[in-house]
Amino acid sequence: MKNELFKKIKRYETIDSTNLEAKRLLKNNVFDSNFVILAKTQTKGMGRRHNRWYSPPGGLWCSLVLKEQIFQSNITLFTGIILHKALRNLLPNSPLKIKWPNDILWKNKKLAGILTETSHSSTIIGVGLNLNQTELDSEIAEIATSVRIETGKIVDKDKFLNTFLDQFTGQFNHYKEDNLQDFLQYYRENSYLTGKLCTIETGRESVQGVVQGVDSGGALVIKVDDEKRKIISADRIEIHKV
Ligand code: BTN
């Protein structure tokens, strides 16, 4: 069955970045509705904060483009929750966590990241998921992992992408109508940061405290001294061992 929200999937063997390609296609107004860009490899994969995103064959590198729609930044958290659910269905009982605002972790290692951008009045949600790589670049091998490395399983990428897109589509109207309300319980049950002592750099300031969770809009809540503070976006999150 075709996906109702994303009617077109454009596939590439290799591309600089699926997010960059999405921007070019939006600029040239190539599609008149939502679309997905999928590449086997990226030569200039981009992470948040201008970090490089290693994108060899084996991973799932894609961008979901919601045409002429702009959302709150918590669309990233929504996408992370859906991605976590899709992975959990595939790998029941696995130690998968959602790390606010955009990571999926396997124990303490990064399995997936999400880079949301706006361009031409549209939303581009770039999803990078380490799936079938047997090893990762030495620069990230200590801090990241893949499904294959952790489980030995080879995942059918197309099948997984379809499942993920179907789940995204199935919950999307709900997210649009109620914002994150019905997803927060799931987030709370699977949150990596909750209860951890962290230093968070927001660009304007650096705050240290214990993470309490997220508020109804998806902002991170941290207890600093005796005061609860809300963080909408963070440049860096350092977790302290206690
Ligand atoms: C992060 O955790 O820093 C976000 C990583 C996002 C990577 C994906 S891979 C597909 C899409 N294209 C890109 O260039 N980046 C995103």
Side-chain angles (χ1 to χ4, degrees), residues 6 9-27 34-66 71 73-84 86-87 96-120 122-133 136-137 139-147 155 157-158 160-161 164-165 168 191-193 200-203 218 220 233-239:
F6 301 100
I9 300 183
K10 195 157 166 49
R11 294 163 192 273
Y12 297 80
E13 283 296 314
T14 184
I15 195 85
D16 48 0
S17 148
T18 57
N19 274 32
L20 287 175
E21 179 65 0
K23 284 179 206 170
R24 289 188 289 262
L25 296 180
L26 283 169
K27 184 171 175 224
N34 305 327
F35 57 94
V36 174
I37 305 291
L38 177 68
K40 285 191 182 159
T41 60
Q42 299 183 116
T43 53
K44 267 197 204 157
M46 301 183 308
R48 290 174 84 229
R49 316 284 163 209
H50 305 291
N51 286 329
R52 170 173 179 191
W53 183 263
Y54 290 90
S55 317
L60 178 70
W61 323 125
C62 65
S63 299
L64 282 48
V65 184
L66 295 159
F71 297 91
S73 60
N74 66 22
I75 185 102
T76 302
L77 201 56
F78 167 71
T79 307
I81 289 168
I82 300 295
L83 185 60
H84 186 280
L87 283 164
L96 292 161
K97 294 279 180 197
I98 306 166
K99 183 176 168 212
W100 184 93
N102 73 318
D103 294 348
I104 303 292
L105 303 191
W106 182 286
K107 291 193 186 137
N108 291 320
K109 289 186 163 187
K110 184 152 167 167
L111 197 65
I114 299 166
L115 175 66
T116 305
E117 300 183 278
T118 52
S119 178
H120 296 83
S122 303
T123 301
I124 301 169
I125 308 170
V127 177
L129 169 62
N130 295 321
L131 268 183
N132 295 328
Q133 300 103 302
L136 300 184
D137 190 278
E139 281 221 9
I140 55 167
E142 297 269 298
I143 54 163
T145 192
S146 74
V147 169
V155 179
K157 268 196 282 178
D158 271 333
F160 182 78
L161 177 64
F164 168 59
L165 292 178
F168 187 101
S191 158
Y192 179 73
L193 289 179
I200 301 183
E201 281 165 27
T202 67
L220 194 75
S233 80
D235 279 350
R236 219 172 71 84
I237 301 179
E238 186 190 347
I239 301 165

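The chain is numbered in sequence order, starting from 1. Computed from a predicted structure; not experimentally measured. We count ligands from 1, going down the list as the structure has it; atoms in each ligand are counted the same way.
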**Study point:** Those residues that, when tested against F160, pass ring pair (Phe, Tyr, Trp, His ring centres under 6.0 Å) (two or more places apart)
**Key:**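 Ring pair (Phe, Tyr, Trp, His ring centres under 6.0 Å) list for F160, sorted by chain: empty.
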**Study point:** With sequence neighbours excluded, residues passing ring pair (Phe, Tyr, Trp, His ring centres under 6.0 Å) with Y54
**Key:**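 Once residues adjacent in sequence are excluded, Y54 has no partner under the ring pair (Phe, Tyr, Trp, His ring centres under 6.0 Å) criterion.
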Review point. Can you tell me if Q42 and S55 form a side-chain donor-acceptor pair at under 3.5 Å?
Key: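 There is such a pair (donor and acceptor under 3.5 Å, judged by atom type) between the side chains of Q42 and S55.
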Practice item. Output yes when R11 and D158 qualify as a salt bridge under the 4.0 Å nitrogen-oxygen rule, no when they do not. Key: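 Between D158 and R11 there is a salt bridge, with a charged N closer than 4.0 Å to a carboxylate O.
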Point to revise | Electrostatic pair K23-E117, nearest N-O below 4.0 angstrom | key: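 Salt bridge between K23 and E117, a charged N being under 4.0 Å from a carboxylate O: yes.
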Less than 3.5 Å apart, N/O on ligand 1 and N/O on the protein: could you list those pairs with the distances?
from     : atom 1 : to   : atom 2 : distance (Å)
ligand 1 : 2 (O)  : N102 : ND2    : 3.3
ligand 1 : 2 (O)  : K110 : NZ     : 2.5
ligand 1 : 3 (O)  : R48  : N      : 2.7
ligand 1 : 12 (N) : T18  : OG1    : 3.0
ligand 1 : 12 (N) : Q42  : OE1    : 2.9
ligand 1 : 14 (O) : S17  : OG     : 2.8
ligand 1 : 14 (O) : M46  : N      : 2.7
ligand 1 : 15 (N) : M46  : O      : 2.8

Practice item. Only counting residues at least two apart or in another chain, list the ones meeting side-chain hydrogen bond (donor to acceptor under 3.5 Å, both in side chains) with K157. Key: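 For K157, no residue satisfies side-chain hydrogen bond (donor to acceptor under 3.5 Å, both in side chains) once neighbours in sequence are set aside.
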